[in-house]
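Worksheet: the structure to be examined is printed underneath.
Because the structure is a prediction, the values reported are computed rather than measured. Residue numbers count from 1 along this sequence. One-based numbering, in listed order, for ligands and for the atoms of each.
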Amino acid sequence: MRNDSRRPDTLCVHAGSRPDPVTGGLNTPISTSSAHRFPWKNLPEAGYPRYHTLPSQLAPADKLAALEGADVALVTASGLSAIAVTLLAVLGHGDHAVVQRDIYGGTHHLLTAEFPRLGIEFDFADFASEASLRAALRPNTRLIYAETPSNPLLGVVDLAMIAAVGKEIGAVTVCDNTFATPILQKSLALGLDISVHSGTKYLAGHSDLNCGAIAARAAFGERLKEALVNYGPTLNAYDAFLLERGMKTLGLRMERISENAMAVAKWLSRHEQVTKVNYPGLSDHPGHAVAARQMTAFGGMLSFEIAGSEAEARTAVDRLTMIAEAVSLGGVETLICFPRLTSHAKMTAEERHAAGIGDTLLRLSVGIEDKDDIIADLDQALKGS
Ligand SMILES: Cc1ncc(COP(=O)(O)O)c(C=O)c1O
């Protein structure tokens, strides 16, 4: 794996960036051409955009590779396309995947809606228990797919355990690292093969674009790039530029966001109207010890349940004045949503209940505002409950 000894905050600012050779500008230029003079091998760095060749695509990809300690990284048009390309690059007809049960609803739907037609088999399993993961393995298991912390229950999975099981059976191990980001958790250093991201969230960080990213060990680089080029969801030059710009402050944002989320989680856990708080930073969270071992801080996502009915939870959310009820997460502003109605709306009620996603569960994406203002808004909203 690549080893750039500079610290993460320095990598965020400098790694991968390609100052403009024409003007001397420090920022990576947005090159908009889809047509390039042939043979483009002789040009400094350019080529057909779908081939992931533009400076503004390569800069955030290389920044991510440096942060993840990966050999290769690619940026894609969305988080889900990063996941789809990764799965389709590895899995073929007759292969089997074991997938963590409590994952992002879109990933769950991608598997259940598309993969049976392709003849790709999969089983969901509880990854909090090694025995349950092992029980789901089959002779044709080619891939193990984890997401930690998970959306929306903040389940924590021991990545070193997943990596060890994968190595033992010769399966490729993948982690959705969206919630943690490489600032807080380095999946590849923990032994995983591939790390995928919804770059829409913390990497870009300002709720203004859709993008994804894949970081991997060298052995998977060519296959992933080939699948990206063949399926075609590369990121356009403009959004790639925005992604790189956002990543320059990733370290600072994750530090502030993690501090804020810890304060909010502690405050919520003492609130009489709140029956449950899911945040890996709390010592009573079942995954706290593992999270403390494999993460440098606990991130900005938490979820909680309010006492009372769904209607009462709805009324409390309607009372919020600063915190917006909105889909998506990972931006500078604090957002709240009912996972049942948003990220996990496509699951059946049975699937949701099996995954532990209740009707009054609220997911909070804590932003970089002053924590006292976040708590004050929650306080006035819950007071009326
Ligand atoms: C953990 C996780 N992975 C993947 C995705 C999909 O990302 P995108 O919406 O950028 O396609 C999301 C979106 O919410 C997510 O939360």
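Protein heavy atom closest to atom 10 (O) of ligand 1, with residue, atom name and distance, is Thr200 OG1, 2.6 Å. At the shortest separation from atom 14 (O) of ligand 1 among protein heavy atoms lies Lys201 NZ, 2.6 Å. Counting protein heavy atoms only, atom 7 (O) of ligand 1 is closest to Ser198 OG, 2.9 Å. Protein heavy atom nearest atom 2 (C) of ligand 1, with residue, atom name and distance: Asp176 OD2, 3.5 Å. Of the protein's heavy atoms, Asn151 ND2, 3.0 Å lies nearest to atom 16 (O) of ligand 1. Ranking protein heavy atoms by distance to atom 6 (C) of ligand 1, first place goes to Tyr104 CE2, 3.4 Å.
There is no side-chain donor-acceptor pair under 3.5 Å between Lys266 and Ser269. Thr360 and Glu310 form no side-chain donor-acceptor contact under 3.5 Å, judged by distance and modelled atom types alone.
Annotation for ligand 1: atoms under 4.0 Å from non-hydrogen atoms of Ser78 are 10 (O), 11 (O). Close contacts of ligand 1 with Gly79, meaning ligand atoms under 4.0 Å from a residue heavy atom, involve 7 (O), 8 (P), 10 (O), 11 (O).
Residues His288 and Phe298 place their aromatic rings such that the two centres sit under 6.0 Å apart. Taking the six-membered ring wherever Trp is involved, the centroid distance between the rings of His271 and Phe304 does not fall below 6.0 Å.
Polar contact check, Leu329 against ligand 1: no nitrogen or oxygen pair lies under 3.5 Å apart.
With a heavy-atom cut-off of 4.0 Å, Leu80 touches ligand 1 through backbone and side chain alike. Within the 4.0 Å heavy-atom criterion, the part of Asn210 lying near ligand 1 is the side chain and not the backbone. Using a 4.0 Å cut-off between heavy atoms, Cys211 contacts ligand 1 through its backbone alone, with no side-chain atom that close.
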